[in-house]
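The next block holds one structure in the form of C-alpha cells; read it before the comments.
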Amino acid sequence: MARALPIAWLNGTWLPLAEARVSPLDRAFLFADAVYEVVAVYGGRPLLVDEHLARLARSLRELGIADPHDDAAWRALIAGLVERNRSAAPDGHLGVYLQVSRGADTGRDHGFPADVPATVFGMASPLAAFDPTGSGLRAITAPDNRWARCDIKSTALLGNVLLRQAAAAAGAQECIMLRAGRLTEGSSSTVAIVEGRTVVTRPDGPEVLPGTTIRLVRSLAPACGLDWREEDIAESRLRRADEIWITSAMRGVLPVTHLDGKPVGAGVPGPAWRTIAVAYERCTRS
Ligand code: PDD
C-alpha cells in the first residue's frame, strides 16, 4: 500500500495529512455513518469525474446526508488535492479519496443528529500508470456476507475488509463474492466474465456497487470487437469462463488468471483483456 500524499483537506482547510484531526464522536468513527469515493487521476486529469460525483451525490441522498458541496466545489477540491500534492506525484497520477460523514454530535446516539455539519475529508495517494501488459492476479471466492445495500458507497466496509484479508491470506489479491450461487462483485471491484468474444456482467442492483470503471470499459468493447451482455452469472459459469476481469478506479481493468488456485482459461491474461487493456490505457492518457 502506497503511503498517502502529504496534503489533505478537512472541513474547508488544506493541511498536512499528519495534522488532520477529527472528533472521536464523528459518526464515521462510531457508526461508519459515512460515504466515500475514489477517483483516479492520470497526468493531472481526473478520469470519470462526472460519474464519481453523481455516485457520491446518490450515496449521500440514499443516506439522507445533505451534500456539503456543489459540483464545482467538489471539482475544485479534487483539483486542489492534485495541485497541492504535485511535487510528491510529479507525473500527476494519483488516487483521490473523498469522504463525507454525517458529522460529530455531542454524544453517541443512533438516530440522526439535527443541525450537525457533515465532516468532509479528502486525501490523495500515488497511483502507478495503468499497465496493459500486466500479468494479472489471483482471486479466491467466498460467500457474500455483506449488508443488503451494497449499492451505497459507504465506509461500512468490514465485510469487504475481512474478505480481502482472506484473499491475502490465501496468496491472492482479490476476493470474488457469491450470493445464493450467483456472482455479486469483488471486495473492492466489479467483476466481468468473458465467454468467447462476449463480456458478461451482472445487472446493477442493491447487492452491488454500480461501478464507474466497468461503464467505461463497456463503452470501449464494441471498438475492441467484443459483445456485451448483462445477466445474472451462476457460480458454475464464473468457474468455466474463458477470462475473468476485475475493474475499479484504482486498478483499471485487470485479468484474474487463477480462481481458487485453478487457472482461468489458459492461466494467463486472455486475448480479450489484452485488447480492452490497450483501449483503457489510451483513456488514461487522453
Ligand atoms: N472501490 N465494487 C466495490 C465493492 C468497490 O469497492 C469498488 C471500488 C467497485 C468499483 O467501482 P469503481 O469502478 O467506480 O471504482 C465495485 C474503490 C476503488 C475502493 O474502495 O477503493
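In each ligand, atom 1 is the first atom listed, and ligand 1 is the first ligand listed. The analysis underlying the following values was restricted to heavy atoms, covering all of them including side chains, and did not include hydrogens, waters or symmetry mates.
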Nearest protein heavy atom with distance in Å, relative to [atom]:
{"atom": "atom 19 (C) of ligand 1", "value": "Tyr36 OH, 3.7 Å"}
{"atom": "atom 6 (O) of ligand 1", "value": "Ser188 CA, 3.3 Å"}
{"atom": "atom 16 (C) of ligand 1", "value": "Ser189 C, 3.3 Å"}
{"atom": "atom 2 (N) of ligand 1", "value": "Glu185 OE1, 2.7 Å"}
{"atom": "atom 14 (O) of ligand 1", "value": "Thr212 OG1, 2.6 Å"}
{"atom": "atom 15 (O) of ligand 1", "value": "Ala249 N, 2.8 Å"}

Closer than 4.0 Å to some heavy atom of [X] - which atoms of ligand 1 meet that?
{"X": "Gly186", "result": "4 (C)"}
{"X": "Asn160", "result": "4 (C)"}
{"X": "Ser187", "result": "4 (C)"}

Compute the minimum heavy-atom distance from [X] to ligand 1 and say whether it is under 4.0 Å.
{"X": "Tyr97", "answer": "no"}
{"X": "Pro210", "answer": "no"}
{"X": "Arg251", "answer": "no"}
{"X": "Arg215", "answer": "no"}
{"X": "Ala40", "answer": "no"}

Before accepting this row, confirm whether a basic side-chain N of the pair [X]/[Y] lies closer than 4.0 Å to the acidic partner's carboxylate O.
{"X": "Arg237", "Y": "Glu195", "answer": "yes"}
{"X": "Arg229", "Y": "Asp227", "answer": "no"}
{"X": "Asp70", "Y": "Arg75", "answer": "no"}
{"X": "Asp260", "Y": "Lys262", "answer": "no"}
{"X": "Arg55", "Y": "Glu37", "answer": "yes"}

Under 3.5 Å donor-acceptor, Arg239 side chain and Val264 backbone: no

Judged on heavy-atom distance to [atom], which of [options] sits nearest?
{"atom": "atom 13 (O) of ligand 1", "options": "Thr213, Val191, Ile246, Val38", "value": "Thr213"}
{"atom": "atom 10 (C) of ligand 1", "options": "Thr190, Val217, Ile214", "value": "Thr190"}
{"atom": "atom 11 (O) of ligand 1", "options": "Arg55, Lys153, Arg164, Glu51", "value": "Arg55"}

Least distance between heavy atoms, Val35 atom then Ser59 atom: CG1-CB, 3.7 Å

Side-chain H-bond candidate by donor/acceptor type, Arg27 with Thr119, under 3.5 Å: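 Side chains of Arg27 and Thr119: no pair found under 3.5 Å.
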
Cation-pi geometry met for Arg102 and Phe112 (6.0 Å, 45°):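 Verdict for Phe112: a cation-pi partner in Arg102.
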
Ligand 1 versus Thr247: contacting region, heavy-atom distance under 4.0 Å: backbone

Of Tyr42, Phe130, Trp245, the residue whose pairing with Tyr280 passes ring-ring contact (aromatic ring centres under 6.0 Å, His included): Phe130

Residue Tyr97 excluded, over 12 heavy atoms near OH under 6.0 Å: yes

